[in-house]
Chemist: 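Next up is a structure, given as structure tokens.
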Amino acid sequence: MRLTVVANRAPISRTDEGDWAPSVGGLTTALLPVLSELGGAWVAMGEEPDLPERQEYPAEDPDFLVRRVPLSQEELDGYYYGMANSVLWPLSHYMVQHLDLRDPFVENYRRVNERFAEAVIEEHREDDVIWMQDYHLMLAPALIREAHPEAVMGHFWHIPWPAMEVFRILPGARELLRGMLGNDLIGFHVEEYAKNFIESAEVLLGADVEDGVIHWQGREVNVEAHPIGIEVERFERMSASDNVKGEAEEVRDEFGAESLVVGIDRLDYTKGVLSRLEAFEEFLEKNPEYHGKVSLFQVATPSRTEVESYQQLKREVDEAVGRINGQFAEDHWMPVHYRYRTYTQEELCAFYRAADVALITPLRDGMNVVTQEFITATTDRGVLILSELTGAAYLLPEALQVNPYDQSGLAEAIRKAIEMPPEERRERIQALKATIRELNVHQWADGFLDRLTAQRDASSGQRAPSPERNSSPERRVEEQSTGELVDGGV
Ligand code: GDG
């Protein structure tokens with residue numbers, strides 16, 4: 001069995017020295033080891049002109065093929081910045097006010113999905129398993145299915161699947177659903193998104209559903225929850241290293257606050273950075289005894305800077321930071337320390353470790369792995385304030401859960417977190433750490449592929465079972481430690 005991964009982004013990028021190396025990011029970390037072991041291909045868009053369409057990797061002793069789908073500027077604008085980032089992204093996060101519906105977005109999304117499908121069809125061999133990723137590629141599965149009715153194909157959706165009544169707002173909702181139903185297995189982070197998807201197929205397409213399985217055009221489509229994890233052991237090691245401990249101390253000394261509240265996000269309107277700042281402002285207004293004692297350190301990583309609503313958000317966040325600091329700063333105390341840039345993972349780890357409180361308050365989020373990184377990196381002191389509108393919240397009841405739209409509730413949660421007694425902090429964080437250790441990114445990849453191959457074996461009945469895969473550290477890829485932007489999720 002070989003594997004074909006189909007994702008918007010390629011798994012390798014050029015280093016400063018001009019070589020090729022695995023890109024930074026959860027998806028690459030999870031899937032490259034499996035792909036290297038099984039062999040096969042990774043199909044992705046060509047992010048720059050002049051990149052080879054077919055590239056064996058590693059060059060000296062290839063494990064797999066990188067197959068690029070080169071895109072014109074018009075295609076990139078329509079498919080990626082348009083349909084993916086300005087339509088499917090806001091809709092899936094229930095933020096219809098950010099929807100930007102334009103015909104060229106749909107046309108280019110169709111065209112690019114066709115081109116991805118053609119590339120997969122060309123590379124496909126009997127017995128391959130195809131694994132699609134995310135909301136960029138909703139139409140490709142049905143096209144691949146037409147060409148290869150026997151193909152074994154799964155799709156992991158990294159963001160929320162909204163309630164059916166929200167999904168149906170989208171003109172073309174049915175076409176997109178039909179595209180997705182080309183798959184054999186569709187994975188989401190939590191059951192709720194899976195239920196929403198099933199209801200969308202049932203109501204909008206009239207699909208038959210029996211015991212959670214969708215019956216569609218003579219095939220079965222399984223829809224399941226497969227919550228993603230992180231590389232827990234690596235984060236634990238990094239956090240316990242002298243380097244990170246030293247950097248965490250430096251951060252605390254630099255900011256000088258008794259309590260440090262930390263937020264780390266891509267600057268995306270779904271992450272709730274603006275309402276978080278407003279809640280922190282309310283906290284300061286209501287609790288003058290904490291002036292001079294509590295600071296918020298907010299890292300906002302630049303993201304999708306070409307999209308107008310992201311430029312607008314940046315202006316609003318800049319303004320809010322200026323307003324809060326202008327009103328409350330004192331000689332030796334700055335209420336908000338704001339950084340609009342990327343950091344290395346090691347630096348992020350030091351920030352998590354320096355934090356007394358992590359403030360993770362997305363307005364919606366498929367999972368939110370920053371939460372998992374904080375839980376893993378923090379000591380017994382760390383308190384997690386977590387939006388109940390994230391996938392992570394379903395798994396982490398011991399967090400201080402908040403409704404991110406409730407500004408006063410959020411301001412109150414900040415006070416509660418700061419005043420939480422050490423024993424309660426320790427109990428909560430230990431429970432959270434235990435949960436996160438169970439969610440490992442390598443197990444996530446293996447678990448999804450196992451379900452996919454099991455389904456293939458069950459439906460064919462004749463093929464040999466897939467070879468045992470193991471999750472040993474040897475097959476994991478060393479990660480480059482650069483502060484490369486993780487854009488648009490995976
Ligand atoms: C999508 C879904 C789901 C951030 N700044 C820097 C940096 N990061 C890293 C974080 C974390 C990742 O980016 C962000 O992950 P999230 O899960 O928070 O969010 P999305 O990017 O929106 O991802 C999400 C995820 O897919 C996985 O399925 O959880 O719900 O939206 O790992 O650490 N990394 C580095 N420098 C930075 O400045 N190196």
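In listed order, ligands and their atoms are each counted from 1.
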Chemist: Of the side chain and backbone of Val299, name the one, both, or neither that has a heavy atom under 4.0 Å from an atom of ligand 1.
Modeler: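 Within the 4.0 Å criterion, Val299 makes no contact with ligand 1.
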Chemist: For Phe351, is the NZ or CZ atom of Arg353 found under 6.0 angstrom from the centre of its six-membered ring and inside 45 degrees of the ring axis?
Modeler: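 Judged by the rule, Arg353 and Phe351 form no cation-pi pair.
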Chemist: If I take atom CH2 from residue Trp42 and atom OH from residue Tyr57, how far apart are they, to the nearest 0.5 angstrom?
Modeler: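 Reported to 0.5 Å precision, the distance equals 12.0 Å.
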Chemist: Ignoring hydrogens, just give me the one of Glu373, Arg339, Gln345 whose non-hydrogen atom is nearest atom 10 (C) of ligand 1.
Modeler: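 When every heavy atom of Glu373, Arg339, Gln345 is considered, Glu373 comes closest to atom 10 (C) of ligand 1.
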Chemist: Of the backbone atoms (N, CA, C, O) and the side-chain heavy atoms from C-beta on, which set of Trp89 has a member under 4.0 Å from an atom of ligand 1: side chain, backbone, both, or neither?
Modeler: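 The answer is the side chain of Trp89.
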Chemist: Under 4.0 Å from ligand 1, counting heavy atoms only, is it the side chain of Thr301, its backbone, both or neither?
Modeler: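 It is the side chain that gets close, since no backbone atom is under 4.0 Å.
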Chemist: What pairs with Arg252 under side-chain contact (heavy atoms from CB on, under 4.5 Å), at least two apart in sequence or on another chain?
Modeler: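 side-chain contact (heavy atoms from CB on, under 4.5 Å) check on Arg252 returns Leu260, Ala354, Asp356, Arg381.
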Chemist: For Pro362, run the side chain to side chain contact (heavy atoms under 4.5 Å, CB included) check against Asp268, Asn368, Thr270 and tell me which one passes.
Modeler: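 Exactly one candidate clears the test, Asn368.
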Chemist: Should the pair Phe156 and Phe448 be assigned to parallel (<30°), tilted (30 to 60°) or perpendicular (>60°) ring geometry?
Modeler: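 Correct class here is perpendicular.
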Chemist: Just going by heavy-atom distances, which of Asp268, Thr342, Ile159, Val369 is nearest to atom 17 (O) of ligand 1?
Modeler: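 Heavy atom nearest to atom 17 (O) of ligand 1 belongs to Val369.
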Chemist: Is Ile264 close to ligand 1, meaning an N/O of one under 3.5 Å from an N/O of the other?
Modeler: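 No: no nitrogen or oxygen of Ile264 is under 3.5 Å from one in ligand 1.
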Chemist: Any heavy atom of His189 sitting closer than 4.0 Å to ligand 1?
Modeler: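 Yes; His189 lies near enough to ligand 1 that a heavy-atom distance drops under 4.0 Å.
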Chemist: Measuring from atom CD1 of Ile324 to atom CZ of Phe280, what distance do you get when rounded to the nearest 0.5 angstrom?
Modeler: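 With rounding to 0.5 Å, CD1 (Ile324) is 7.5 Å from CZ (Phe280).
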Chemist: Only pairs under 3.5 Å count here: list side-chain donor-acceptor contacts from residues 176-186, not counting sequence neighbours, and write none if there are none.
Modeler:
{"from": "Asn183", "atom 1": "ND2", "to": "His155", "atom 2": "ND1", "distance (Å)": "3.2"}
{"from": "Asn183", "atom 1": "ND2", "to": "Met180", "atom 2": "O", "distance (Å)": "2.8"}
{"from": "Asp184", "atom 1": "OD1", "to": "Arg145", "atom 2": "NH2", "distance (Å)": "3.3"}
{"from": "Asp184", "atom 1": "OD2", "to": "Arg145", "atom 2": "NH2", "distance (Å)": "3.1"}
{"from": "Asp184", "atom 1": "OD2", "to": "Met153", "atom 2": "N", "distance (Å)": "2.7"}

Chemist: Does the ring centre of His158 sit less than 6.0 Å away from the ring centre of Tyr135?
Modeler: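 That pair fails the under 6.0 Å test.
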Chemist: Would you mind running through ligand 1 and noting each atom that sits below 4.0 Å from a heavy atom of Arg266?
Modeler: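 Answer, ordered by atom number: 20 (P), 21 (O), 22 (O).
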Chemist: Determine whether any heavy atom of Trp157 lies closer than 4.0 Å to an atom of ligand 1.
Modeler: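 Judged by the 4.0 Å heavy-atom criterion, Trp157 does not count as contacting ligand 1.
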Chemist: State the atoms of ligand 1, each with its element, that fall below the 4.0 Å cut-off from a heavy-atom position in Tyr343.
Modeler: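 Selected atoms, number and element: 35 (C), 36 (N), 37 (C), 38 (O), 39 (N).
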Chemist: Would you call Leu3 and Leu38 a side-chain contact if the rule is heavy atoms closer than 4.5 Å?
Modeler: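 Side chain of Leu3 against side chain of Leu38, heavy atoms only: contact under 4.5 Å found.
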Chemist: Atom 19 (O) of ligand 1: which of Gln372, Met367, Lys271 has the nearest heavy atom?
Modeler: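 Ranked by closest heavy atom to atom 19 (O) of ligand 1, first place is Lys271.
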Chemist: Near His158, which atoms of ligand 1 are under 4.0 Å from a heavy atom of that residue?
Modeler: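 Those of ligand 1 that fall under 4.0 Å from His158 are 2 (C), 3 (C), 24 (C), 26 (O), 27 (C), 28 (O), 30 (O).
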Chemist: Regarding ligand 1, does Gly366 bring an N or O atom to under 3.5 Å of one of the ligand's N or O atoms?
Modeler: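 Yes - when backbone and side-chain N and O of Gly366 are compared with those of ligand 1, one distance drops under 3.5 Å.
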